[in-house]
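A short write-up of the structure that comes next.
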Amino acid sequence: MEEENRKNNFIKNIITEDLEQGKNNGKMITRFPPEPNGFLHIGHAKSICLNFGVAQEFKGKCNLRFDDTNPAKEDQKYIDSIISDVKWLGFDWGEKIYYASDYFDRLYEFAVELIKKGKAYVCSLTAEEMREYRGTLTEPGKNSPDRERSIAENLDLFERMKNGEFEDGTYVLRAKIDMSSPNINMRDPVIYRIKTMSHPRTKDAWCIYPMYDFTHGISDALEGVTHSLCTLEFQDHRPLYDWLLDEVSVPCHPQQIEFARMNLNYTVMSKRKLQKLVENNHVDGWDDPRLPTIAGIRRRGYTPAAIRNFCNIIGVSKKESRIDVGLLENCLREDLNDIAPRVMAVLDPLKVTIENWPDKDSSNMNRQNIENLHPQDGTEELEALNHPQKPEMGTRKITFSKTIYIEQDDFMENAPKKFFRLAPGREVRLRYAYFIKCEDVIKDKDGKVVELICTYDPATRGGDAPDGRKVKGTLHWVSQEGSVPATVNLYDRLFLAEDPEAENDDFTKNLNPESLIKLEGCRVEKYLLNAQPEKAYQFERLGYFCADSKESSEDHLVFNRTVTLRDTWAKVNKQ
RNA sequence: UGGGGCGUCGUCAAGCGGUAAGACACAGGAUUUUGAUUCCUGCAUUCGGAGGUUCGAAUCCUCCCGCCCCAGCCA
């Protein structure tokens, strides 16, 4: 379904044109450059799909490169999770993983080159002073008193910075550009700072670390990146990106192109807010199935194909937008409908006794209509399709018996005409089994319906009526003997508000109190006993579900609802 | 009020001077042992606004309006 017919976008147009004109010797290389300081979310998926996607499409390559220049925030565990997420999404970064930290030596040399050209200087202004000297959005900045320091002195100071002779914060290395530039990024930006701190990969080799702007462009150039795709907020940095690459002797000059990041409604995407949800236990951890993190949606049951397709469908532009999660869910359903085997599960069981079904120990056990009746326990095996539209997915046996369960919602004592399900005196089909008719309703002392007494029609075995009579409704069901108990997590959107962060006060006020409903008394087909975590099943008439990768076991099955089926009845019913 | 961006259907989004693609949503209808799927049909005389250029403008020009980003020794 996906892969074919990928949509065009302005970035692909640029690449096509560059390739046609023979730019970059006909090569095209992109990169996905995460900072390992947090977990990936669906917004990153857009960038991943874009960068790896165009590389695939144009027969180029895409490097996975960690932008690990700030040891204060970064950690190996993030590196590991990012690698696993990108792999799960289905992308291949070739033989090696790149790290900006692998370039620390060369980066240092490039800084020295800049100093020698008189294009960088060591500055001793404090952070606060530097802010004052920087000016404001409307007023130009002032030159640092250290701006005209001699090259020799700069060289000496910078080397001593590297050697660890100074305290953190005493000196920085700055590019010498233009303190009166209307673009604040060009007002002598810091390119190196002292941080006496161990780095996840280079350990204690360095106590000075390069800044993003300095590192990123050079890393791109060293890797021969041709198109450096990043989000809109870096547009103002492009002049600096270009300045740096022009001033330093790198092998090539990549082109930075910016696009709008993805926003989804009914959720939050910022690292800080996701962190708050986790820390304040509003959710169950970084992989909570309600979170838009890759780990979360994966645990929820989303498929990589659905996410890739979604990223293709939403397109790439420079317009800031908030995409309807409905679009995502639709891509999910499209994929799941194709691949998920169908099974039956009853989430809110209502007991049904088939009164004319032979009792285990009664004498009518030899009734000939019940072809595969097991005389020992009074059950019958029936055959069900694993996917009605795909016979190649095979069939499976399901067990029918005297005691079965249907969904509470599928029975109504005083049912309106449009209600196609079970009601006193009405007949429905049990999927792949028999027609049953409701003869009696048993209630407890509070008036709650606790059991239905029904009769079945032996002639309708498999679900077809030989006399051609029609029933409007087909219900899913499960039998006492053919099912096992399970817990089911019903997930819904995490927030009630389309834009949870619209008001500047506490966004957690918009949390949906019903984003998780844990159902304990569910019953699922025995077939599900060996369900693999994350593998999608369609619980017929309910939605798509998967066994939870953390909590489900053969002793205690736990399923997550990935997404519901489209439900036009619910919509009509609401009106 | 400095600089950089962006404004095409409810939501995304093509379009690049020749007379508004597509997807989702929505509304009808058909088929259906999932009120699912699938399948038809409809859905912007109009492109933030106002002028101008042109035989012809969403596309070019001018002005205006609205929204976003930038003053980390974060990325």
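Every chain is numbered from 1 and lettered A, B, ... according to where its sequence line falls, protein lines coming before strand lines.
- Contact annotation for A:F419: base contact, defined as any heavy-atom pair under 4.0 Å involving a base atom.
- No engagement by A:V471 is indicated, since no non-hydrogen atom pair under 4.0 Å with the nucleic acid exists.
- Taking a pair as Watson-Crick or G-U wobble with both distances under 3.5 Å, the runs of three or more consecutive pairs in RNA chain B are B:2-7 with B:65-70, B:10-12 with B:22-24, B:26-30 with B:38-42, B:48-52 with B:60-64.
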Between the protein and nucleotides 40-42 of chain B, which nitrogen or oxygen pairs come in under 3.5 angstrom?
none

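- Between the side chains of A:Y241 and A:Q256, no donor-acceptor pair is found at a separation under 3.5 Å.
- In summary, the side chains of A:R342 and A:H476 do not present any donor paired with an acceptor at a separation below 3.5 Å, with no hydrogens or angles considered.
- Partners of A:E20 under the side chain to side chain donor-acceptor pair (under 3.5 Å) rule, at least two apart in sequence or in another chain, do not exist in this structure.
- One finds no side-chain N or O of A:K271 lying less than 4.0 angstrom from the OP1 or OP2 phosphate oxygen of B:rA75.
- No contact: A:N265 has no heavy atom under 4.0 Å from any strand.
- A:R421 contributes a side-chain N or O that forms a donor-acceptor pair with the base of B:rG35 under 3.5 Å.
- At a threshold of 4.0 angstrom between heavy atoms, the contacts of A:M211 are confined to the sugar-phosphate backbone, with no base atom among them.
- Here the nucleotide nearest the side chain of A:L565, chosen from B:rU34, B:rA75, B:rG3, is B:rU34.
- The residue A:K472 sits apart from the nucleic acid: no heavy atom pair falls under 4.0 Å.
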Practice prompt. If a protein heavy atom is under 4.0 Å from the base, mark B; if only from the sugar-phosphate, S; if neither, -; do that for nucleotides 7-12 of chain B going 5' to 3'.
Written response: SS--SS
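- Residue A:R187 has no polar side-chain atom (N or O) positioned under 4.0 Å from OP1 or OP2 of B:rG3.
- At a threshold of 4.0 Å, the pair A:R469-A:D457 counts as salt-bridged, since one of the basic side-chain nitrogens sits closer than that to a carboxylate oxygen.
- Legend: residues meeting side chain to side chain donor-acceptor pair (under 3.5 Å) with A:S81, ordered by chain and number and at least two apart, are absent.
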Fill in: Full working for side-chain contact (heavy atoms from CB on, under 4.5 Å) between A:V190 and A:M130
CA-CA 10 Å; A:V190 172; A:M130 209 143 81; 3.1 Å; yes
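- Residue A:F234 is in base contact, counting any heavy-atom pair closer than 4.0 Å across all strands shown.
- Note on A:D464 versus A:R429: no salt bridge recorded, every NZ/NE/NH1/NH2 to OD/OE distance being 4.0 Å or above.
- Put simply, A:T69 has no side-chain N or O that comes within less than 4.0 Å of OP1 or OP2 on B:rC74.
- Contacts of A:F400 classified as ring-ring contact (aromatic ring centres under 6.0 Å, His included), with partners at least two apart in sequence or in another chain: A:W357, A:Y434, A:W477.
- B:rU8 and B:rG4: their C1' atoms are spaced 23 Å apart (whole Å).
- With sequence neighbours excluded, the residues satisfying salt bridge (Lys or Arg N to Asp or Glu O under 4.0 Å) with A:E223 are A:R65.
- Within 6.0 Å of the NZ atom in A:K437, the count of heavy atoms belonging to other residues, nucleotides or ligands does not exceed 12.
- Between A:R333 and B:rC24 there is no side-chain N or O to OP1 or OP2 distance below 4.0 Å.
- Judged by closest nucleotide on RNA chain B, A:K46 is the one of A:K46 and A:K470 placed further toward the 5' end.
- Among the atoms of the strands shown, none is found under 4.0 Å from any heavy atom of A:Y192.
- In this model, the phosphate group of B:rG35 is not approached by any side-chain N or O of A:R429 to a distance below 4.0 Å at OP1 or OP2.
- Residue contacts shown for A:E139 are absent, as no nucleic acid heavy atom lies under 4.0 Å away.
- With sequence neighbours left out, A:N386 forms a side chain to side chain donor-acceptor pair (under 3.5 Å) with no residue at all.
- Judged as a salt bridge (Lys or Arg N to Asp or Glu O under 4.0 Å), the pairs with a partner in residues 159-169 of chain A (not counting sequence neighbours) are, in order, A:D156-A:R160, A:R160-A:E165.
- In this pair, A:W206 and A:Y108 present their aromatic rings tilted. The plane angle is within the 30 to 60° band.
- Per the stacking criterion (ring centres < 5.5 Å, plane angle < 30°), A:W569 stacks onto the base of B:rG35.
- For A:R174, no side-chain nitrogen or oxygen approaches OP1 or OP2 of B:rC73 to under 4.0 Å.
- Distance from the side chain of A:K318 is smallest for B:rC6 among the nucleotides B:rG35, B:rC6, B:rG3.
- Residue-to-nucleotide contacts include a donor-acceptor pair under 3.5 Å from the side chain of A:D236 to the base of B:rG3.
- Residues satisfying the side chain to side chain donor-acceptor pair (under 3.5 Å) test with A:R396, not counting sequence neighbours, are A:E525.
- Across B:rG72, B:rG35, B:rU34, the shortest atom-to-atom separation from the side chain of A:E540 is found for B:rU34.
- Between the side chain of A:Q389 and the base of B:rU38 there is no donor-acceptor pair of N/O atoms closer than 3.5 Å.
- The separation of B:rU11 from B:rU45, taken at their P atoms, amounts to 15 Å, rounded to a whole angstrom.
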Show each protein N/O and nucleotides 46-49 of chain B N/O combination with a separation under 3.5 Å, one pair to a line.
none

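- At a threshold of 4.0 angstrom between heavy atoms, the contacts of A:P34 with the nucleic acid are absent.
- Among the heavy atoms of the strands lying under 4.0 Å from A:N337 are primed sugar atoms or P, OP1, OP2 only; no base atom is included.
- The phosphate of B:rA25 has OP1 or OP2 within less than 4.0 Å of a side-chain N or O from A:N330.
- Taking every side-chain heavy atom of A:K73 into account, B:rC74 is the closest of B:rA75, B:rC74, B:rU34.
- Contact annotation for A:R342: base contact, defined as any heavy-atom pair under 4.0 Å involving a base atom.
- At the heavy-atom level, A:L125 lies under 4.0 Å from base atoms of the strands shown.
- As a whole-Å value, the separation of A:N183 CG from B:rG2 P is 15 Å.
- Using a 4.0 Å cut-off, some side-chain N or O of A:T568 falls inside it from OP1 or OP2 of B:rA36.
- Note on A:H237: a base of the nucleic acid sits closer than 4.0 angstrom, heavy atoms only.
- OP1 or OP2 of B:rU32 has not a single side-chain nitrogen or oxygen of A:R431 nearer than 4.0 Å.
- Atom CD of A:E128 and atom P of B:rA71 are 17 Å apart (whole Å).
- Residues A:I115 and A:F158 meet the side-chain proximity criterion, which asks for heavy atoms closer than 4.5 Å.
- Nucleic acid contact class of A:V190 (heavy atoms, under 4.0 Å, all strands): sugar-phosphate only.
- The salt bridge (Lys or Arg N to Asp or Glu O under 4.0 Å) pairs that include a residue from residues 122-135 of chain A number zero, where partners must be two or more places apart or lie in different chains.
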Worksheet entry | A:M269/A:I42 under side-chain contact (heavy atoms from CB on, under 4.5 Å): CA gap, chis, key distance, verdict | CA-CA 8 Å; A:M269 216 76 105; A:I42 184 123; 3.5 Å; yes
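- Taking only side-chain nitrogens and oxygens, A:R131 comes nearer than 4.0 Å to OP1 or OP2 of B:rG72.
- Note: A:H237 and A:F234 have perpendicular aromatic rings, judged against thresholds of 30 and 60 degrees for the angle between ring planes.
- Regarding the sugar-base torsion, B:rG18 falls in the anti class, its angle being beyond 90° of 0.
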